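Please read the structure below before turning to the comments.
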Amino acid sequence: MTLSTVLTLSISYGQPGSRLEDSLMLDRGLVSAGRNYLSEPDSSIRRATTILTEALRLRNRYYEGRSYYLLSKAHWAKASYRLSAEFGFKALKIFENSSYIREWGESLVSLSRTFIDLQNYDESKMYLDRAAQLARDHNSPFLLADSYRERSMLLLAQQQYDSALQYANKALDILEPRKDTVDISVLYGRKARIYFSLKDYKQSRIFNRRSMHLDSLVGNRRALAVSLYQAAQNSFYLHHYDSAIYFLERGIPMNASIGNLLSLIRMHNLLSEIYTAQGKSLMAVDHLRKAAQYRDSLYEQQRSGHVQELQSLYESEKKADTIFMLENENELKQQQMRNQRLVTWFLSVGIFSLTALIFVLWRLRAQQKKANDALSIKNKAIEQQKEEIQAQAESLQELNHLKSKLFSVISHDLRGPINNLQSLLELVTNRIMQPEEFLAISDKLKSNLNVTQRTLENLLNWSLSQMEGLRTEQKKFEIKSVMEEACRLMEDLAHRKNIIIENTTRTPVMVMADPDQVQLILRNLIHNAIKFSKTDGKVLVSASEHHDECHVRIKDFGIGMTQEEKEMILSSQEYFTKIGTQQEKGTGLGLLLCKEFIHRNGGTLTIDSHPGHGTEITFTLPLGEK
């Protein structure tokens, strides 16, 4: 902890009376106590208790919380789990919801480890989840690594070995680049225990040796004793009894020096098993007796710890209450009789007023709820009306667009040819044009009238479809004959450009569709193929079965289309028209009508075309049952 940090702590979290030299003294004491709590827990407890006393005198909440945290860790190192939990809760109460994120998270992780050793796994998981979330919210990788480390211990205790190994590796991924020797050693030891539980004694020995090496370097006697016990277990299960005895004889004095009774019990029990396996019954019994003695001591310690826990829980509150009572006892006795009736009267009035206030608030809330419900209903009605108006506006806009297009088609594409015919007839009637001249232009006039008739027919069908006045009546029929009829109807138009229409369909194909609508689709698509074909060209028409569909193709070798034109036809509802190879004009209604009728008959439309390489239009129809 740097000097600037200490200054900040003293100013922001200390109470009046805290001074810089006091904070420095407390900080040095905490560092010393925290350095040795694993190897010399009793010494750490004494130092942390001294610091706690001074922090309470100075009313410095930060150092009070850090003292509680160190007391929790030191008692845990001695397996005094009840006292560890008690001091852990006191530390958490101070740091929770404060700006000291690291201390807050460490308190949560410490409590979770204590609850693991008390076999209260649900409680442990709850504190680990809170610590991990706190680390993520505040981007604290070290706190996240701590939570992963203890999560691996929890999963190991629950015999979820693969998950325990996964979380140990997650913690190592964070800690190894930062050279955190103490925590890395713990995690190596953790992996050694996991592999031992998985009966992979070779891997267990590898990681245990790494852990022992690091523990020896940093002087962590508690962790080294645990690693020695694990090494003894590996040797025992590999039947290396002498090595196991060697590790245990090294570890027992270490555990005895730090007062870790639980580890002493485990080590003497393991020695008893080893001597039993070697046939040394007397030595086995002797170590069983020692394990029983340590177990009795642990029981007494836990019982004593429970008493101390209850005392520490209420000690500070009891002292404060006692001082307060001594200072105010005389005054309270003198005022008690005098104020008793007055207090009773005030209480009665207060209860009555509170009851009346609750009743009034309840009535107001009921009225407010009723008003809110009525307002909600009105808002829903307004929203519904708004949606209806919007839908009507969109519908009116579409109808207006339809009306405008219809008027445009009628005025441009129908009125012109009819006016031309009327003018020609007037010329003939008035004998201005001779019948021979009229016959000379009759072919062109017939062509214009055919276009006008087709436009009128498309306009009528499309208008009916848009006004929902057109029905699609599907029935089963053979499509080859319909295709032949459509080709025959287009022969005059094709003949003018010397274009051959060839129906390449060889086998009959039964489809389920509306034959009149299919006929109209075919005529429009063949007409377009002729329109965009060059003189002396060819148009191919075919139908074939593919699974449960009939694919109808109309292919020309004309001017083709661009990608933008294809997308406009397939994905837009706009009218697309384009001048033909002999300046033929169109309205765009034919393609729209084709798309509409194909959709009504359960089919799809696709276009394969490139500029200058012709166009192949394919549409599908459902097959009829054979």
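This one's a predicted model, so the numbers in the text were calculated from it and none came from an experiment.
With rounding to the nearest 0.5 angstrom, the CD1 atom of I500 is 11.0 Å from the CD atom of E491. The distance from atom CD of E150 to atom OH of Y127, rounded to the nearest 0.5 Å, is 15.0 Å. The CD1 atom of I499 lies 8.5 Å from the CG atom of D556; values are rounded to the nearest 0.5 Å. The CG atom of N234 lies 11.5 Å from the CZ atom of R193; values are rounded to the nearest 0.5 Å. The CE atom of M510 sits 5.5 Å away from atom NZ of K476, with the distance rounded to the nearest 0.5 Å. To the nearest 0.5 angstrom, I389 atom CD1 is 10.5 Å from I382 atom CD1.
Two residues are said to be in side-chain contact when any heavy atoms from C-beta on lie closer than 4.5 Å; Y148 and L172 fail this criterion. Between E549 and P622, the closest side-chain pair of non-hydrogen atoms is not below 4.5 Å. Side-chain contact between S609 and K566: present, with at least one pair of heavy atoms (C-beta onward) separated by less than 4.5 Å. I598 places a side-chain heavy atom less than 4.5 Å from the side chain of I521. Counting only heavy atoms from C-beta outward, the side chains of L540 and R553 never approach each other to under 4.5 Å. Residues L520 and D516 are not in side-chain contact: their nearest non-hydrogen atoms beyond the backbone lie 4.5 Å or more apart. Between N601 and F619, the closest side-chain pair of non-hydrogen atoms is not below 4.5 Å. Considering only heavy atoms from C-beta on, I569 comes within 4.5 Å of M561 through its side chain.
Annotation for H213: atom NE2 does not count as buried by contact number, only 12 or fewer foreign heavy atoms lying within 6.0 Å. Remark: K170 NZ is packed, more than 12 non-hydrogen atoms of other residues, nucleotides or ligands lying under 6.0 Å away. In L198, the CG atom is crowded: over 12 heavy atoms of neighbouring residues, nucleotides or ligands sit closer than 6.0 Å. Sparse packing is recorded around CG of D122, with 12 or fewer heavy atoms of other residues, nucleotides or ligands lying under 6.0 Å away. Around NZ of K125, the count of heavy atoms belonging to other residues, nucleotides or ligands within 6.0 Å does not exceed 12. For CD of E473, the number of neighbouring non-hydrogen atoms (other residues, nucleotides, ligands) closer than 6.0 Å is 12 at most. For R205, the CZ atom is loosely surrounded, since the number of other residues' heavy atoms within 6.0 Å does not exceed 12.
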- Task: Could you please spell out the steps behind the side-chain contact (heavy atoms from CB on, under 4.5 Å) verdict for L591 and L525?
- Result: CA-CA 8 Å; L591 278 174; L525 293 180; 4.2 Å; yes
- Task: Could you give me the CA-CA distance, side-chain angles and deciding distance for T620 and T604, then say whether side chain to side chain donor-acceptor pair (under 3.5 Å) is met?
- Result: CA-CA 5 Å; T620 63; T604 58; 3.2 Å; yes
- Message: Run the side chain to side chain donor-acceptor pair (under 3.5 Å) test on Q166 and D162 for me, step by step, so that the C-alpha distance in whole Å, both residues' side-chain angles and the decisive distance to 0.1 Å come before the verdict.
- Response: CA-CA 6 Å; Q166 180 183 2; D162 291 337; over 6 Å; no
- Message: Please evaluate residues L364 and Q367 with respect to the criterion side-chain contact (heavy atoms from CB on, under 4.5 Å), reporting the C-alpha separation (whole Å), side-chain torsions for both, the decisive distance (0.1 Å), and the verdict.
- Response: CA-CA 5 Å; L364 288 174; Q367 292 177 1; 4.3 Å; yes
- Apply the test salt bridge (charged side-chain N to carboxylate O under 4.0 Å, His left out) to residues D129 and R151: give CA-CA distance (whole Å), side-chain angles for both, the deciding distance (0.1 Å), then the verdict. CA-CA 9 Å; D129 289 342; R151 178 86 64 178; 2.6 Å; yes
- Task: Take L143 and R102, measure what side-chain contact (heavy atoms from CB on, under 4.5 Å) needs, and give me the verdict at the end.
- Result: CA-CA 7 Å; L143 178 56; R102 178 69 177 177; 4.0 Å; yes
- Apply the test side-chain contact (heavy atoms from CB on, under 4.5 Å) to residues I194 and Q203: give CA-CA distance (whole Å), side-chain angles for both, the deciding distance (0.1 Å), then the verdict. CA-CA 10 Å; I194 295 169; Q203 283 293 326; over 6 Å; no
- Task: Carefully, step by step, assess D492 and R496 under the rule salt bridge (charged side-chain N to carboxylate O under 4.0 Å, His left out).
- Result: CA-CA 7 Å; D492 287 344; R496 293 188 183 93; 5.8 Å; no
- Item | Stepwise ring-ring contact (aromatic ring centres under 6.0 Å, His included) check, F207 with Y195 | CA-CA 9 Å; F207 282 102; Y195 281 118; 5.7 Å; yes
- Query: Between S152 and R190, does a side chain to side chain donor-acceptor pair (under 3.5 Å) hold up when you go through it step by step?
  - Reply: CA-CA 8 Å; S152 70; R190 184 74 40 75; 2.9 Å; yes
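Judged purely by atom type and a 3.5 angstrom limit, S211 uses its side chain to pair as donor or acceptor with the backbone of S185. With hydrogens and angles ignored, the 3.5 Å screen pairs a side-chain donor or acceptor of T504 with a backbone N or O of V541. The main-chain N or O of F115 is never found under 3.5 Å from a side-chain atom of S124 such that the two would form a donor-acceptor pair. Put simply, the side chain of N379 gets close to the backbone of L375: a donor and an acceptor are under 3.5 Å apart. In terms of modelled atom types and a separation under 3.5 Å, the side chain of E123 and the main chain of N120 share no donor-acceptor contact. Put simply, the side chain of S147 gets close to the backbone of L144: a donor and an acceptor are under 3.5 Å apart. When atom types are taken as modelled, the side chain of S140 and the backbone of R136 share no donor-acceptor pair closer than 3.5 angstrom. Although no hydrogens or angles enter the test, the distance criterion places a donor-acceptor pair under 3.5 Å between the side chain of S112 and the main chain of V109. A donor-acceptor distance shorter than 3.5 angstrom exists from the side chain of E478 to the backbone of S481, with no hydrogens or angles considered.
What you find for R506 and K480 is that their closest heavy atoms are O-NZ, 3.7 Å. Shown here for I530 and K497, the closest heavy-atom pair between the two residues is O-NZ, 3.0 Å. Scanning all heavy atoms of the two residues, the minimum distance from C550 to V509 falls at SG-CG1, 3.7 Å. Nearest heavy atom pair, residue S107 against residue A91, reads OG-CB, 3.8 Å. Of all non-hydrogen atoms in P515 and V482, the two that sit nearest each other are O-CG1, 4.4 Å. The minimum heavy-atom distance between Y161 and S197, with the atom names listed, is CE2-CB, 3.3 Å.
Applying the side-chain contact (heavy atoms from CB on, under 4.5 Å) test between I617 and each of N528, T606, L605 identifies L605 as the sole match.
Remark: R488 does not engage E484 in a salt bridge, criterion side-chain N to carboxylate O under 4.0 Å. Ion pair R149/D146 flagged as a salt bridge, since at least one NZ, NE, NH1 or NH2 atom sits closer than 4.0 Å to an Asp/Glu carboxylate oxygen. For D117 and R113, the salt-bridge test passes: some basic side-chain N is under 4.0 Å from an acidic carboxylate O. Salt bridge absent: D514 and R600 never bring a charged side-chain N and a carboxylate O closer than 4.0 Å.
If you look at F196 and Y201, their ring centroids are closer than 6.0 Å.
Annotation: cation-pi geometry not satisfied between K191 and Y188 (NZ/CZ under 6.0 angstrom from ring centroid, within 45° of ring axis).
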